*Asks:* 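Sharing a structure below in structure tokens format, with a few things to ask.
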Amino acid sequence: MTITLNPDVLRHVVDVHCHPTDAGEVSQLEMDKLEITICAMSSMKSDQQRVAALAQANPDKVIPCFGRTLSTESKGSYHPWFSHLIRLESTTSKEEHYRKLLLHDTAQTKLEEHTQIFNRLLPTLPDPIPLSEVLDELRSNLTMHPGAMVGEVGLDRVFRMPYDYFAEKRQLTPFTIPLEHQLAILEAQVDVAVELKRNVSIHSVKSQQATLDLLRKLAQRHGDDWYRISIDMHSCGFSPETWRDTEKAFSNVFVSLSTVINHKHSSLTRLIDMCSPDRILAESDYNNVEMCTPQVLQIIELIAEVKGWRIEEEWVEELEEAKWGAVRRLAENWKRFKKGGHPPPTRTLSKRARKKQLLDSSSEAGSSQGGDGAP
Ligand SMILES: [Zn+2]
């Protein structure tokens, strides 16, 4: 049983990761009924326009997120599930590209079998799309939609390539995609996000260490710019201990939880418990817009229970922090996520940045407004 909320409260709920256009066209009637805000991820090529159109028709409810995962024609892909459709070097032929990726670590004993499967599969695979093209498209989509995020992108060690993604009963090939390939594609896209100052929704499955290493590398490479954007670890499968270390290390990394994915993890309540109250977000990860609200309310209920937060029965505009309920806390987290501009760790602050911070704080103290004024 999911809780029902007063519409005034519901208006402040944000589903930070869902795929409404995955299930096909979303009707305006469904959107009119929607009472929460959703972050709509892109996956397929056709999604790109669908997500953009959805956001244009419902600017108050939809935050578009670009990160193509698959298309029947070009299959250009950002999501780790479809990273094999992107080629890193412009020189390799289609066959070379797929051979390198799919037969990369085949054991000698399996080589004959896998080569046979590979030969059968190859004609059905599209020409790989150059990464530069994928990045150009991402850049142009983000530029056209100033409020858009990057998503869904990430790493997935478990995913096995299906013979046909669209088949009713998906049959899996024995092929996984090398992590280095996934990493190169993820890294390039996050670089674009930093460049254009956009937040990112990251998928990470059985890739805890690789994800952390990448975050560290990106933080180092981008310096203070890294902290201008926010990163959401979507349906995060990190262990509670790893999460605690992650949020300590990076002031710009948040976690979003869903019942559909996170309920499979036995450590979910410990993860919620361990997570700092100001870094947690809620999501449905659903592909049916009518399910977004009940799904996200379900996880909010669990977060509230574990954190010992009450759930608001009505919305009070001005409220001191000690009295905030679960919906308000998550909404405030979302606001900070959306706004970005997190404090870089002090030890990495450059002299110039330190001086600027000092100047900022002294001018703030001296101004008649006092503080930033925003609630
Ligand atoms: Zn997703």
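Order of appearance sets the numbers: ligands from 1, and atoms from 1 within every ligand. This structure is a prediction, so every number in the text was calculated from the model and none was measured.
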*Asks:* Do His19 and Tyr286 have ring centres separated by under 6.0 Å?
*Replies:*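 When the ring centroids of His19 and Tyr286 are compared, they turn out to be at least 6.0 Å apart.
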*Asks:* With sequence neighbours left out, what residues match Thr173 under side chain to side chain contact (heavy atoms under 4.5 Å, CB included)?
*Replies:*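 For Thr173, the residues satisfying side chain to side chain contact (heavy atoms under 4.5 Å, CB included) (neighbours in sequence not counted) are Leu121, Met161, Tyr163, Phe175.
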*Asks:* Please tell me whether Phe159 and His203 form a close aromatic pair, meaning their ring centres lie under 6.0 Å apart.
*Replies:*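 Ring centres of His203 and Phe159 not closer than 6.0 Å.
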*Asks:* Please report, to 0.1 Å, the donor-acceptor pairs under 3.5 Å made by any side chain of residues 102-111, with sequence neighbours excluded.
*Replies:*
residue	atom	partner	partner atom	Å
His104	ND1	Leu101	O	2.6
Thr106	OG1	Leu103	O	3.4

*Asks:* If you round to 10 degrees, what value do you get for the angle at the Zn ion (ligand 1) between His17 atom NE2 and His19 atom NE2?
*Replies:*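 The NE2/NE2 angle about the Zn ion (ligand 1) sits at 100°.
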*Asks:* In Glu152, the N, O or S atom nearest to the Zn ion (ligand 1) is which?
*Replies:*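 Relative to the Zn ion (ligand 1), the closest nitrogen, oxygen or sulfur of Glu152 carries the name OE1.
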*Asks:* If you consider just the N/O/S atoms, which atom of Asp285 is the closest one to the Zn ion (ligand 1)?
*Replies:*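 Result: OD1.
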